[in-house]
Novice: 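One structure coming up, written as structure tokens, with questions to follow.
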2 protein chains.
Amino acid sequence: MTLHHPTTEELELPTVLHALSDPQRLLIVRKLSAEPEPRACGAFDVNVSKSTCTHHFRVLREAGVIEQRRLGTARLNSLRRDDLDRRFPGLLDAVLASAAAESAAAV
Amino acid sequence: MTLHHPTTEELELPTVLHALSDPQRLLIVRKLSAEPEPRACGAFDVNVSKSTCTHHFRVLREAGVIEQRRLGTARLNSLRRDDLDRRFPGLLDAVLASAAAESAAAV
DNA sequence: GCAGAAGTTCGATGATCGTCGTACAATGAG
DNA sequence: CTCATTGTACGACGATCATCGAACTTCTGC
């Protein structure tokens, strides 16, 4: 099975915003942005089941937010930062900064 | 009936992103941002029914994106730009710029 | 007071969403 | 080859969503 990734031109703003509007997915994206290294799906301690995890990663991938590639039985996830920045300049940074500000304010 | 508006501190990022992830609502916000004057609900040529319109404006209001106040039988809508900027700096501008870039690219 | 305009409220409907468990496929280690 | 690991596929479930029409409320103008 080949994993479908939208091209940079195919990225749609409502789709991206919807992908980022779920707390679990937002958490995944934040963790992904915190380290430059791609991470396997299991490396996020999201407290949902495996199948739910697969679902969230697919939503993020099909929205064009992350890229997934195979490595053995694992799947390495990385943020499509450059593509997002080219298509929607400043958006990802604003969302990440807002998420950080929000979680800081929640303390 | 009093209209409930969340305070600046109550704004939640996933809620705001969700409110902006609908094409109709994104259009409303863009039109709202294009002019400084508050506008009545009917002043947006959104091609949905009146009740759907009410629904979208409520979602935007309860997410804290817009403010609604009465003026006769009409409801004046304005963008809560300052509150959003204080809570989520740069987010609204990035979304608006992205939406503009997207619609320009769609030509 | 009455008619019209502007929105709201109240179901209802079909679609999508987030979540789960179970069964399955692919890969690496022994 | 066998087995454990990693993730997917497939329903299924309740919840939420976007949409609608019909009836209602509130206000303005005449």
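Only this structure's heavy atoms are used, side chains among them; waters, hydrogens and symmetry mates stay out. Each chain gets a letter, A, B and so on, in the order the sequences are listed, and its residues count up from 1. Since the model is a prediction, treat every value here as computed from it, not as a measurement.
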Novice: Check whether any side-chain heavy atom of Leu27(A) sits under 4.5 Å from a side-chain heavy atom of Phe44(A), and report yes or no.
Specialist: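 Sidechains of Phe44(A) and Leu27(A): no contact.
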
Novice: With sequence neighbours excluded, what pairs up with Val29(A) under the side-chain contact (heavy atoms from CB on, under 4.5 Å) test?
Specialist: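 Val29(A) satisfies side-chain contact (heavy atoms from CB on, under 4.5 Å) with Leu20(A), Leu60(A), Val65(A), Leu79(A), Leu92(A), Leu96(A) once adjacent residues are dropped.
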
Novice: Report the distance from atom CZ of Arg70(A) to atom P of dT27(C), rounded to the nearest whole Å.
Specialist: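 Between P of dT27(C) and CZ of Arg70(A): 7 Å.
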
Novice: So which of residues 21-30 of chain B are in contact with DNA chain C, with a heavy-atom cut-off of under 4.0 Å?
Specialist: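 When residues 21-30 of chain B is checked for heavy atoms under 4.0 Å from DNA chain C, there are no hits whatsoever.
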
Novice: Can you list the residues that meet the side-chain hydrogen bond (donor to acceptor under 3.5 Å, both in side chains) rule with Lys50(B), with sequence neighbours excluded?
Specialist: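 Residues passing side-chain hydrogen bond (donor to acceptor under 3.5 Å, both in side chains) with Lys50(B): none at all.
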
Novice: Rounded to whole angstroms, how far apart are CZ on Phe57(B) and P on dA18(D)?
Specialist: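 Between P of dA18(D) and CZ of Phe57(B): 14 Å.
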
Novice: Whether His56(A) contacts dT19(C) is assessed here as follows: a side-chain N or O lying under 4.0 Å from the phosphate OP1 or OP2. Is that the case?
Specialist: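 Yes.
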
Novice: Distance check: side-chain N/O of Ser51(B) vs OP1/OP2 of dG21(D), anything under 4.0 Å?
Specialist: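 Checking Ser51(B) against dG21(D): no side-chain N or O falls below 4.0 Å of OP1 or OP2.
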
Novice: Please tell me if the side chains of Arg81(A) and Ser33(A) come closer than 4.5 Å, counting only heavy atoms from C-beta onward.
Specialist: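 Arg81(A) vs Ser33(A): side chains touch.
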
Novice: Mind listing the N/O atom pairs, protein and nucleotides 2-6 of chain C, below 3.5 Å?
Specialist:
{"residue": "dA6(C)", "atom": "O4'", "partner": "Thr73(B)", "partner atom": "OG1", "Å": "2.9"}

Novice: Excluding sequence neighbours, so at least two apart, what forms side-chain contact (heavy atoms from CB on, under 4.5 Å) with Thr8(B)?
Specialist: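 So Thr8(B) forms a side-chain contact (heavy atoms from CB on, under 4.5 Å) with Arg80(B), Asp83(B), Arg86(B), Arg87(B).
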
Novice: Does Thr54(A) have a side-chain nitrogen or oxygen under 4.0 Å from the phosphate oxygens OP1 or OP2 of dT8(D)?
Specialist: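 Indeed, a polar side-chain atom of Thr54(A) lies that close.
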
Novice: I need the CG-P distance between Leu71(A) and dT5(D), as an integer number of Å.
Specialist: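 About 18 Å, once rounded to whole Å.
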
Novice: Restricting to non-hydrogen atoms, name the atom on Leu11(B) and the atom on Gly64(B) that form the minimum distance, rounded to 0.1 Å.
Specialist: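 Closest approach of Leu11(B) to Gly64(B), heavy atoms only: CD2-CA, 3.6 Å.
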
Novice: Stepwise, does the side-chain contact (heavy atoms from CB on, under 4.5 Å) test hold for Asp22(B) with Val59(B)?
Specialist: CA-CA 10 Å; Asp22(B) 180 89; Val59(B) 172; over 6 Å; no

Novice: If the condition is side-chain hydrogen bond (donor to acceptor under 3.5 Å, both in side chains), which residues does Glu67(A) pass it with, not counting sequence neighbours?
Specialist: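 Listed in chain order: nothing, the list is empty.
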
Novice: Answer yes or no: does a side-chain N or O of Arg58(B) lie under 4.0 Å from OP1 or OP2 of dT9(C)?
Specialist: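 Affirmative; the distance criterion is met.
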
Novice: Pick the closest DNA chain C nucleotide for Asn47(A) and for Gly72(A) by heavy atoms, then say which residue is nearer the 5' end.
Specialist: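 Closest to the 5' end, via its nearest nucleotide, is Asn47(A).
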
Novice: What is the distance, rounded to the nearest whole Å, between atom NE2 of His55(A) and atom C1' of dT22(C)?
Specialist: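 Nearest whole value for this atom pair: 18 Å.
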
Novice: Could you grab the distance from atom CZ of Arg61(B) to atom CD of Gln68(B), nearest 0.5 Å is fine?
Specialist: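 Those atoms lie 5.0 Å apart.
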
